[in-house]
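Scope of the values below: all heavy atoms of this structure, side chains included, with no hydrogens, waters or symmetry mates. Lettering of chains follows the sequences in order, A, B, ..., and the numbering in each one begins at 1.
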2 protein chains.
Amino acid sequence: MTEATRTKLEAAARYASALSGDAPIVGNDKDQIVFVGSGSVKLVAHASAGREQVVAFQFAGDLVSVPATRAHAYSLSALDDCELISFPADEFFKLVQQEEGIILEVLKCSLVALANCREKAITLGRKTAQERLASFLVSMAERGGTPVDRGVELHLPMSRSDMGDSLGLTIETVSRQLSELRASGLLITPSRSKFLLLDLAGLQARAGHIRAAA
Amino acid sequence: MTEATRTKLEAAARYASALSGDAPIVGNDKDQIVFVGSGSVKLVAHASAGREQVVAFQFAGDLVSVPATRAHAYSLSALDDCELISFPADEFFKLVQQEEGIILEVLKCSLVALANCREKAITLGRKTAQERLASFLVSMAERGGTPVDRGVELHLPMSRSDMGDSLGLTIETVSRQLSELRASGLLITPSRSKFLLLDLAGLQARAGHIRAAA
DNA sequence: CGGCTAATTGACGGGACTCAAAACAAGTGG
DNA sequence: CCACTTGTTTTGAGTCCCGTCAATTAGCCG
């Protein structure tokens, strides 16, 4: 990146530090691009009657596109303490346009987000509660699990409520299905946010993936 | 676009004509970029047990990203007779990378697709059958409706089954909810694929959008 | 007109939601 | 260090919406 571009980007940038639970970025009439410097966030869409859908969880290093409000309103909330840098999308594009390579990276980022969102659409549209939870755990294990001797360990910063809002389920259903997975010996939960996946293959088999049935 | 780039793109391109019902593009181990020259297509994701989720409908002029097979398999099917041009994603990016402007257009395309997919996630995760159908009709009206004296006219190339697979509902539920909207005087269906939306505002009110409740 | 597929309508059952209560984790102050 | 408080998670009972199965009707093309 040239020095000139960097300077201009810094001028357009808005820096925000947020504590857990804060909503540092609220959708307005313009699309925004947000870089997650540290911590983790949820992108939430708001429908009528207070219903919320978590559209994506994003972690340190991710780039998030926050759409302008149209049929639904969007906002970004902190799951952790985190640091964010946001730009108005149009300015951001104008500035990085000349920087060969950068814009390609942004495009790839956006295509990954698109692929993730499509996976979510399958989950929400065609899967049972148990399959949704299993899918979720497998995907989280792929994104940020640490292999230990007995399986894969996960630290999930989001609450059961966030999981429900992400999977299109209620808290109670999330909890019930977790209990069932526990009873099946697929995982144990040493604490609220810590998960130890004992049988990743077993979870994958319950996730309704194409490979499991074929 | 330079002549050199055009020549290279044409070399990488695969042209396909497809009749209604064909699946001219089947997901493989590489991401693909497909341009819809004419006609309309559905992007379908396959889960276990033969369940299908329509991830997006795309029409003439649209650019579609078909992900490689991972947890789920994707394919593109023709709703109409249509003509498609496809590229392996990595080659496509390499070629248009130098062309300033082009790649920005592709990025914007991808962000629109992302926003659409997120809207779909809300619909699938948090809406009732009736809200889903109303949302679908409103969104289709915005994308390709023709205003007439009594309301907005729609020609939908997809079957009830496709609508169901897109909205996470069964054919029967789609049909039942359509009947209810008809009974409420919100629309009439002169033929199978023709819809006349008599009261767009009424449909929007039933779509569960944020504005309706606030 | 006749045959075929798509769409609609009906009856019934099940999975997830709702409401409600109990159990549990995680701080807080004594 | 422990009792207390508070909010989260888990568990339970009942209900409803949508899915399943089945039959009828309507649209479409030869």
**Complete:** Out of dT9(D), dA7(C), dT20(D), minimum distance to the side chain of R160(A) belongs to dT9(D)
**Fill in**
Atom CD1 of I171(A) and atom P of dT11(D) are separated, to the nearest Å, by 14 Å
**Asked** Do other residues, nucleotides or ligands put more than 12 heavy atoms under 6.0 Å from the CZ atom of R14(A)?
**Response** no
**Request:** Please check the phosphate of dC17(C) (OP1 and OP2 only) for any side-chain N or O of T170(A) closer than 4.0 Å.
**Result:** yes
**Prompt:** Nearest to the side chain of A129(A), which nucleotide is it out of dT9(D), dT8(C), dA16(C)?
**Reply:** dA16(C)
**Asked** What heavy-atom pair brings V55(A) and A45(A) nearest, and what distance separates the two atoms?
**Response** CG2-CB, 3.8 Å
**Atom-pair distance (CG on D165(B); P on dA6(C)), nearest Å** = 13 Å
**Asked** Where each residue is assigned the nucleotide of DNA chain C containing its nearest heavy atom, which of S191(A) and T173(A) is assigned the position nearer the 5′ end?
**Response** T173(A)
**Asked** Taking CZ from R126(A) and P from dC18(D), how many angstroms apart are they, rounded to a whole number?
**Response** 13 Å
**Message:** For the helix from dC1(C)-dG30(D) to dG30(C)-dC1(D), what angle separates the axis at the start from the axis at the finish, each from five pairs, in steps of 10°?
**Reply:** 40°
**Message:** Taking any heavy-atom pair under 4.0 Å as a contact, classify G164(B): base, sugar-phosphate, or nothing.
**Reply:** nothing
**Message:** Any side-chain to backbone donor/acceptor pair from R51(B) onto S48(B)? Under 3.5 Å, distance only.
**Reply:** yes
**Complete:** Test side chain to side chain donor-acceptor pair (under 3.5 Å), reference S135(B), set Q130(B), K120(B), K127(B), output is K127(B)
**Message:** As a test of reading the structure: which of dT9(C), dA7(C), dT18(C) is closest to the side chain of R176(A), going by heavy atoms?
**Reply:** dT18(C)
**Asked** Within this structure, what is the CG-to-C1' distance between L169(A) and dT18(C), rounded to whole angstrom?
**Response** 14 Å
**Request:** Indicate, with a heavy-atom threshold strictly under 4.0 Å, whether R132(A) touches base, sugar-phosphate, or nothing.
**Result:** nothing
**Asked** What is the distance, rounded to the nearest whole Å, between atom CG of L167(A) and atom C1' of dG15(C)?
**Response** 16 Å
**Request:** Looking at every strand, decide which applies to R192(B) at a 4.0 Å heavy-atom threshold: base, sugar-phosphate, or nothing.
**Result:** base
**Message:** How many whole angstroms separate atom CD of E180(A) from atom C1' of dT11(D)?
**Reply:** 13 Å
Acceptor/donor pairs from residues 138-156 of chain A side chains to any protein atom, 3.5 angstrom cut, sequence neighbours excluded:
residue : atom : partner : partner atom : Å
R143(A) : NH2  : F57(A)  : O            : 2.9
T146(A) : OG1  : E153(A) : O            : 3.3

**Message:** Rounding to an integer number of Å, can you tell me how far I188(B) CD1 sits from dA7(C) P?
**Reply:** 18 Å
**Fill in**
Which of dT8(C), dT10(D), dC18(D) is nearest the side chain of T128(B)? It is dC18(D)
**Asked** Where the side chain of R70(A) meets the backbone of D29(A), is there a donor-acceptor pair that is under 3.5 Å apart?
**Response** no
**Request:** Check every strand shown and say whether S179(A) touches a base, only sugar-phosphate, or nothing at a heavy-atom separation below 4.0 Å.
**Result:** sugar-phosphate
**Item:** Partner of F87(B) under ring pair (Phe, Tyr, Trp, His ring centres under 6.0 Å), chosen from Y15(B), F92(B), F35(B)
**Value:** F92(B)
**Message:** Once hydrogens and angles are ignored, does a donor-acceptor distance under 3.5 Å link the base of dC18(D) to the side chain of E172(B)?
**Reply:** no
**Value rounded to 0.5 Å, distance of CD1 in I188(B) from CZ in R182(B)** = 10.0 Å
**Complete:** L124(B) atom CG is separated from dG19(D) atom P, nearest whole Å, by 12 Å
